Asks: 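Please find one structure pasted underneath; my questions will follow.
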Amino acid sequence: MSNRTFTMIKPDAFRNGHSGAILDRIIKEGYAIRALKLIHLSAEKAGQFYAVHKARPFYGELVAFMSSGPIIAAILEKENAVESFRKLIGATDPAKAEEGTIRKMFAASVGENAVHGSDSDENAKIEGDFFFSGLEQC
Ligand code: CMP
């Protein structure tokens with residue numbers, strides 16, 4: 001079990017002014033921020049990040065959305081980070097997310113779902129390293 005996960009505050013949440021509330025919630029839930037960056041992804045970089053979904057029908061829409069405005073990328077640390085953070089953000093589709101989860105509170109649809117959270121320790125490392133050099137990870 002790793003104690004780190006990777007997250008993004010997606011363009012919808014950033015655009016709607018929810019970044020501060022989401023970061024505040026994350027910190028209050030006990031996650032330590034180990035890396036943090038505001039970045040506007042190109043379509044090429046968004047496509048690389050989500051390459052695993054390339055064959056899915058929503059891939060084009062996902063890439064266009066994720067490159068539509070700035071995001072905040074972060075590496076977070078807490079015991080059992082990957083699993084606990086996925087509970088905190090809630091189901092991918094906010095309509096199915098539990099009350100009080102970040103997606104329930106801040107997301108509008110499955111495509112524009114406010115935040116990303118890594119789904120495994122292995123992917124947390126791959127995704128964190130996609131955005132941050134070793135020097136940028138505390
Ligand atoms: P995320 O957890 O960042 O990982 C993959 C993303 O694909 C997911 O969040 C959703 O935003 C997006 N996604 C999943 N299913 C759909 C769908 N049916 N339509 C559009 N986007 C989707």
Side-chain angles (χ1 to χ4, degrees):
M1 187 205 303
S2 152
N3 293 325
R4 289 192 176 203
T5 192
F6 171 78
T7 188
M8 291 182 284
I9 297 176
K10 296 188 180 184
D12 58 324
F14 183 85
R15 232 180 332 258
N16 294 332
H18 298 315
S19 304
I22 292 172
L23 284 172
D24 187 54
R25 176 76 188 279
I26 289 169
I27 291 164
K28 285 196 171 118
E29 293 284 344
Y31 294 86
I33 294 174
R34 296 301 182 201
L36 189 71
K37 178 179 286 185
L38 175 70
I39 186 168
H40 189 155
L41 290 171
S42 63
E44 186 191 358
K45 281 288 167 196
Q48 279 172 19
F49 183 84
Y50 281 115
V52 67
H53 296 303
K54 208 164 190 165
R56 303 281 194 93
F58 57 80
Y59 179 71
E61 188 186 318
L62 176 62
V63 169
F65 167 61
M66 288 303 296
S67 57
S68 69
I71 60 143
I72 292 173
I75 294 173
L76 307 174
E77 187 171 85
K78 188 184 175 178
E79 203 183 316
N80 195 21
V82 166
E83 197 185 329
S84 73
F85 191 71
R86 283 174 74 82
K87 276 194 191 131
L88 175 62
I89 64 179
T92 306
D93 181 354
K96 295 178 186 151
E98 284 184 35
E99 284 302 326
T101 59
I102 290 175
R103 283 175 173 151
K104 186 72 175 183
M105 293 170 76
F106 298 111
S109 68
V110 67
E112 303 201 1
N113 63 356
V115 282
H116 169 80
S118 304
D119 63 4
S120 66
D121 290 345
E122 188 192 2
N123 283 338
K125 171 88 175 108
I126 292 168
E127 291 171 1
D129 289 348
F130 183 90
F131 280 91
F132 299 102
S133 71
L135 263 180
E136 293 171 317
Q137 302 183 31
C138 299

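Remember, it's a predicted structure, so these values are computed and weren't measured experimentally. Note that ligands are numbered from 1 as they come in the structure, with each ligand's atoms numbered from 1 the same way.
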Asks: At what distance, to the nearest 0.5 angstrom, does CD1 of Ile71 lie from CZ of Phe131?
Replies: 4.0 Å
Asks: So is Tyr50 touching ligand 1 or not, going by heavy atoms under 4.0 Å?
Replies: yes
Asks: Tyr50 side chain to Met66 main-chain N or O, any donor-acceptor pair under 3.5 Å?
Replies: no
Asks: Report the part of His53 in contact with ligand 1, treating N, CA, C, O as backbone and CB onward as side chain, heavy atoms under 4.0 Å; options are side chain, backbone, both, neither.
Replies: side chain
Asks: What's the shortest distance from atom 9 (O) of ligand 1 to any protein heavy atom, and which residue and atom give it?
Replies: Lys10 NZ, 3.1 Å
Asks: Taking distance alone, with N or O pairs closer than 3.5 Å, would you say Thr92 contacts ligand 1?
Replies: no
Asks: Would you please determine whether Arg103 falls within less than 4.0 Å of ligand 1 on a heavy-atom basis?
Replies: yes
Asks: For Arg103 and Ala97, which heavy atoms make the closest approach, and how far apart are they?
Replies: CB-CB, 4.5 Å
Asks: Going by heavy-atom distance to atom 11 (O) of ligand 1, choose the closest among Ile89, Val52, Val110.
Replies: Val110
Asks: Using a 4.0 Å cutoff against the non-hydrogen atoms of Glu61, which atoms of ligand 1 qualify?
Replies: 20 (C)
Asks: Starting at CZ of Arg25, measure out to CD of Glu29 and round the result to the nearest 0.5 Å.
Replies: 4.5 Å
Asks: At what distance, to the nearest 0.5 angstrom, does CD1 of Ile126 lie from CZ of Phe49?
Replies: 10.0 Å
Asks: I need the nearest protein heavy-atom contact for atom 18 (N) of ligand 1: residue, atom name and distance, please.
Replies: Phe58 CD2, 3.8 Å
Asks: Ignoring hydrogens and angles, write down the donor-acceptor pairs under 3.5 Å from the side chains of residues 4-14, residues two or more places apart or on other chains.
Replies:
residue: Arg4; atom: NE; partner: Glu77; partner atom: OE2; Å: 2.9
residue: Arg4; atom: NH1; partner: Cys138; partner atom: O; Å: 3.4
residue: Arg4; atom: NH2; partner: Glu77; partner atom: OE2; Å: 3.3
residue: Arg4; atom: NH2; partner: Cys138; partner atom: O; Å: 2.8
residue: Thr7; atom: OG1; partner: His116; partner atom: O; Å: 2.7
residue: Lys10; atom: NZ; partner: Asn113; partner atom: OD1; Å: 2.7
residue: Asp12; atom: OD1; partner: Ala114; partner atom: N; Å: 3.4
residue: Asp12; atom: OD2; partner: Ala114; partner atom: N; Å: 3.1

